[in-house]
J.: 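Take a look at this one; I'll ask things after.
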Amino acid sequence: MTKIQQHVQEYTSRLYCSSLSQYETMIGYFACFIPKIQYGLALMTHTKQSLENAQWPATAATLAKLGYRRTIHRSIAYGFPRYGGLGLRNFYVEQGIAQLQ
């Protein structure tokens, strides 16, 4: 779990110090951060709670940079954009998808 926490901490600190626009934040999240996290999730078996705890700082930083409250309900943050969600990724779901593949 420490490798995931290192990636989250690095991403969070860089995001808070950046001057990225909302669009650039989404590109960085989906093009850089998520692939870095997804790479190792296929081999890991973490509980839902431990992954949520590890993911919280990155999700909060991304939401803040996008102009949303950091405490927005996670079903909205992780929800499908077609249905009003933001489309952010849930590590626990990503772990399950990676293990199935």
Side-chain angles (χ1 to χ4, degrees):
M1 184 58 107
T2 58
K3 196 64 170 172
I4 290 175
Q5 289 171 337
Q6 288 173 356
H7 290 312
V8 167
Q9 184 179 13
E10 178 184 347
Y11 170 78
T12 303
S13 63
R14 287 184 179 182
L15 188 61
Y16 276 131
C17 296
S18 73
S19 61
L20 296 175
S21 68
Q22 292 177 348
Y23 178 74
E24 293 166 339
T25 300
M26 288 298 279
I27 296 296
Y29 179 81
F30 286 109
C32 299
F33 178 64
I34 292 299
K36 186 183 280 190
I37 296 297
Q38 283 177 332
Y39 181 74
L41 284 178
L43 305 173
M44 299 177 189
T45 55
H46 294 294
T47 64
K48 183 176 183 177
Q49 188 63 42
S50 66
L51 285 173
E52 285 176 0
N53 291 340
Q55 182 176 10
W56 191 89
T59 302
T62 304
L63 289 170
K65 206 63 165 172
L66 292 175
Y68 296 99
R69 293 180 321 148
R70 295 180 314 149
T71 58
I72 194 170
H73 199 277
R74 293 304 184 243
S75 62
I76 297 170
Y78 301 138
F80 191 62
R82 174 183 254 169
Y83 302 114
L86 299 176
L88 300 181
R89 307 298 177 144
N90 185 334
F91 287 0
Y92 187 69
V93 173
E94 294 298 319
Q95 175 180 275
I97 291 170
Q99 289 173 348
L100 287 173
Q101 289 177 342

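Hydrogens, waters and symmetry mates are skipped; everything else that's a heavy atom, side chains included, is used. Starting from 1, each residue takes its place in the sequence as its number.
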J.: Does the side chain to side chain contact (heavy atoms under 4.5 Å, CB included) test come out yes or no for Leu88 and Ile34, once each step is laid out?
T.: CA-CA 9 Å; Leu88 300 181; Ile34 292 299; over 6 Å; no
J.: Looking only at heavy atoms, which two atoms of Ile72 and Ala77 are closest? And how far apart?
T.: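 That closest heavy-atom pairing would be CG2-CB, 4.4 Å.
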J.: Which pair of non-hydrogen atoms, one from Ile4 and one from Ala54, has the smallest distance, and what is that distance?
T.: CG2-CB, 4.2 Å
J.: Give the C-alpha distance, both sets of side-chain angles, the deciding distance and a yes or no for side chain to side chain contact (heavy atoms under 4.5 Å, CB included) between Glu94 and Ile37.
T.: CA-CA 9 Å; Glu94 294 298 319; Ile37 296 297; over 6 Å; no
J.: Atom CG of Asn90 and atom OG1 of Thr59: how far apart are they, to the nearest 0.5 Å?
T.: 8.0 Å
J.: If I take atom CG from residue Leu41 and atom CD1 from residue Ile97, how far apart are they, to the nearest 0.5 angstrom?
T.: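 Answer rounded to 0.5 Å: 10.5 Å.
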J.: Do Thr47 and Ser50 get their side chains close enough for a donor-acceptor pair, meaning under 3.5 Å?
T.: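 On atom types as modelled, these side chains qualify, holding a pair under 3.5 Å.
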J.: Determine whether Leu63 and Leu86 satisfy the following criterion, side chain to side chain contact (heavy atoms under 4.5 Å, CB included), listing intermediate values before the conclusion.
T.: CA-CA 9 Å; Leu63 289 170; Leu86 299 176; 3.4 Å; yes
J.: Give the cluster check for Tyr92 versus Ile76: same hydrophobic cluster or not, with ILVMFWY residues linked at side-chain heavy-atom distances below 4.5 Å.
T.: yes
J.: For Pro57 and Val8, work out which heavy atoms get closest and say how close.
T.: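 Where Pro57 meets Val8 most closely, the heavy atoms are CB-CG1, 4.0 Å.
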J.: Applying side chain to side chain contact (heavy atoms under 4.5 Å, CB included), run through Glu10 and Gln5 and close with a yes or a no.
T.: CA-CA 8 Å; Glu10 178 184 347; Gln5 289 171 337; over 6 Å; no
J.: Do the side-chain N and O atoms of Asn53 and Gln49 include a donor-acceptor pair separated by under 3.5 angstrom?
T.: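 Yes, a side-chain donor-acceptor pair sits under 3.5 Å.
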J.: Please table the atom pairs, donor to acceptor, closer than 3.5 Å between any side-chain atom in residues 22-31 and protein atoms at least two apart or in another chain.
T.:
residue: Gln22; atom: NE2; partner: Leu66; partner atom: O; Å: 2.8
residue: Glu24; atom: OE1; partner: Ser21; partner atom: N; Å: 2.9
residue: Glu24; atom: OE1; partner: Ser21; partner atom: OG; Å: 3.4
residue: Thr25; atom: OG1; partner: Ser21; partner atom: O; Å: 2.8
residue: Tyr29; atom: OH; partner: Arg89; partner atom: N; Å: 3.1
residue: Tyr29; atom: OH; partner: Arg89; partner atom: O; Å: 3.4

J.: Please confirm whether the backbone N or O of Ser18 pairs with a side-chain atom of Lys65, one donor and one acceptor, at under 3.5 Å?
T.: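 At least one qualifying donor-acceptor pair exists.
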J.: Above 12 or not: heavy atoms from other molecules or residues under 6.0 Å from OH of Tyr78?
T.: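 Buried by this count: over 12 neighbours within 6.0 Å.
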J.: If we ignore hydrogens and angles and just use 3.5 Å, is the side chain of Gln55 paired with the main-chain N or O of Phe91 as donor and acceptor?
T.: yes
J.: When you measure from the side chain of Thr12 to the backbone N and O of Gln9, does any donor-acceptor pair fall under 3.5 Å?
T.: no
J.: Show the numbers, then the answer: is there a side-chain hydrogen bond (donor to acceptor under 3.5 Å, both in side chains) between Tyr68 and Thr62?
T.: CA-CA 9 Å; Tyr68 296 99; Thr62 304; over 6 Å; no
J.: For Trp56 versus Arg70, what's the shortest heavy-atom pair and its separation?
T.: CH2-NH1, 4.4 Å
J.: Over all heavy atoms of both residues, which pair between Arg74 and Ala60 is shortest? Give the atoms and the distance, please.
T.: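 Nearest heavy atoms, Arg74 then Ala60: NH2-N, 4.3 Å.
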